[in-house]
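Written below as structure tokens is the structure these notes are about.
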Protein chains: 2
Amino acid sequence: MADPSVPDAPLAPAPPSDRKASTKLEESIFAATQRLMEEQAFGDLSVAQILKEAEVSRATFYYYFSSKFTVLVGLLDRAMEDVFATVQPFLLRPSHEEPRVALERSLSAVTDAWRRHRVVLQATNHHWHAVPELRALWLQIVERFVVAGAEEIEREREAGLLQTDVPGRELAAALFWGTERVLYVAGLGVEGSFDDESSTIEALVSMWVGTLYGR
Amino acid sequence: MADPSVPDAPLAPAPPSDRKASTKLEESIFAATQRLMEEQAFGDLSVAQILKEAEVSRATFYYYFSSKFTVLVGLLDRAMEDVFATVQPFLLRPSHEEPRVALERSLSAVTDAWRRHRVVLQATNHHWHAVPELRALWLQIVERFVVAGAEEIEREREAGLLQTDVPGRELAAALFWGTERVLYVAGLGVEGSFDDESSTIEALVSMWVGTLYGR
DNA sequence: CCGCGACCATACATGTTGTCTGCACGCCGC
DNA sequence: GCGGCGTGCAGACAACATGTATGGTCGCGG
């Protein structure tokens, strides 16, 4: 059963991720791609490069994956497992905790997870709009977060803590996408925007607290 | 001088956009590209398609543009002229107006402008990360908005209206990127997110009002 | 020891991009 | 009128990436 310290599962369980156990070669393709991505944008990688780095033949590559984007889908799938696990414990606010404090902890956790998987999440950001398989997975991930957020928000509303009457789903979606975007831009290292991580988190906390609880 | 109804220019003037007057052929390339973009993602367009649609030769195309992305830069430049002009009047809150009302008007105006130029802004969103020329222009546009927002925020702070002590620049940036992302996703027509435009605006207004003024 | 699954090297068809060559037309100054 | 130049065209081309196809090698289990 569920961990007793977490009364309700705040995130709906992932639909059974039908990920087969991966073979050695599949694994080295994943690893090689990840390695290459640290130094070069995923979009600029050619399959040839991956082949060389993974020491795998072209035929083998296309035996396991139907394009380099399928590799990215796999990497995202793995990354999100960790992200969900990291964020999970923070999604329910313990009733003794101040909303601001709870949100600060959650957002710090998310920021951490984002940093850990920056390259994969960045690549996802860049390509989900154009790659159906990736888009589906990403939107499904977003949906999990938004639903969890919306539920928590409605719970707070019922407790009479909210200042707004905008539906939880809309708020959760706006806050999710906003946060995602800020973390993305921060991760780019664009000069002059979100240079300092802790003040970035502060701004996000302000945004969440203000939007939901007012002030 | 400036329009007397607007005491201070809320948006710094655009750096002299050294746009030459465009020739007839340049024009038809712009028009053709815009037309094609309405039906097909910019990323999927080939130069060949543009040539056909614009009835222009390959050589001519590369005479005026160095790649299809240069066309997009031109389109963005034009689009932003209109966007700035639309948004300009709303950036300073008349002191007699409620913050919420002022923000609602601004955000409606922005949403309108976004819709008008949806395809171009979408394409920009998709490609600025990878195309230096486009990235530079987009970041410069963002900077204008963020600076204007930050200034307005600091003005409100001095008037004692703000509830937060996070720097205006951080708040403006977070709110800008968040809003941009929400409008982007809304424009995609993703099932289940931001289906209804007016409630989307409501959520955005809540976000701005809450973040800045609390409640 | 045979067969089959996993894997490799290589070649290939296709599509895209950006450059280059050579040619035509019209206008402007001389 | 003539020569030159700016503008534009058609088409060829090299470089590269993608995804497929062909045929061969190796090792292991029946």
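All chains are named by letter (A, B, ...) in the order of the sequence lines, taking the proteins before the strands, and each is independently numbered beginning at 1.
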Under 4.0 Å between a side-chain N or O of A:Y64 and OP1 or OP2 of C:dC7? yes
Contact under 4.0 Å: A:Y63 side-chain N or O vs C:dA6 OP1/OP2: yes
Between the side chain of A:T60 and the main-chain N/O of A:V56, is any donor-acceptor distance below 3.5 Å? no
What is the distance, to the nearest angstrom, from the CZ atom on A:F69 to the C1' atom on D:dT18? 11 Å
Sugar-phosphate means primed atoms, P, OP1 and OP2; the rest is base. With that split, encode nucleotides 9-27 of chain C 5' to 3' as B, S or - using protein heavy atoms under 4.0 Å. B-B-----BBB--------
Here the distance between atom P of D:dC9 and atom NZ of B:K24, to the nearest Å, is 13 Å
Between C1' on D:dG11 and CG on B:L51, what's the gap in Å once rounded to a whole number? 13 Å
Starting from P on C:dC7, measure out to CZ on A:F65 and report it in whole angstrom. 12 Å
Are more than 12 heavy atoms from other residues, nucleotides or ligands located less than 6.0 Å from atom CD of A:E38? yes
What is the ring orientation for B:H126 with A:H129, classed by angle as parallel under 30°, tilted 30 to 60°, or perpendicular over 60°? parallel
Under 3.5 Å, is there a donor-acceptor pair between the A:W208 and A:T179 side chains? yes
Would you say A:E191 has more than 12 foreign heavy atoms packed within less than 6.0 Å of its CD? no
Remember a base hit wins even if backbone is also touched, and classify B:Q49 as base, sugar-phosphate or nothing at under 4.0 Å, heavy atoms. nothing
Could you go through residues 48-55 of chain A and list every donor-acceptor pair under 3.5 Å that involves a side-chain atom there, pairing it with any protein atom two or more places apart or in another chain?
unit_1, atom_1, unit_2, atom_2, d
A:Q49, OE1, A:S46, N, 3.1
A:E53, OE2, A:R35, NH1, 2.5

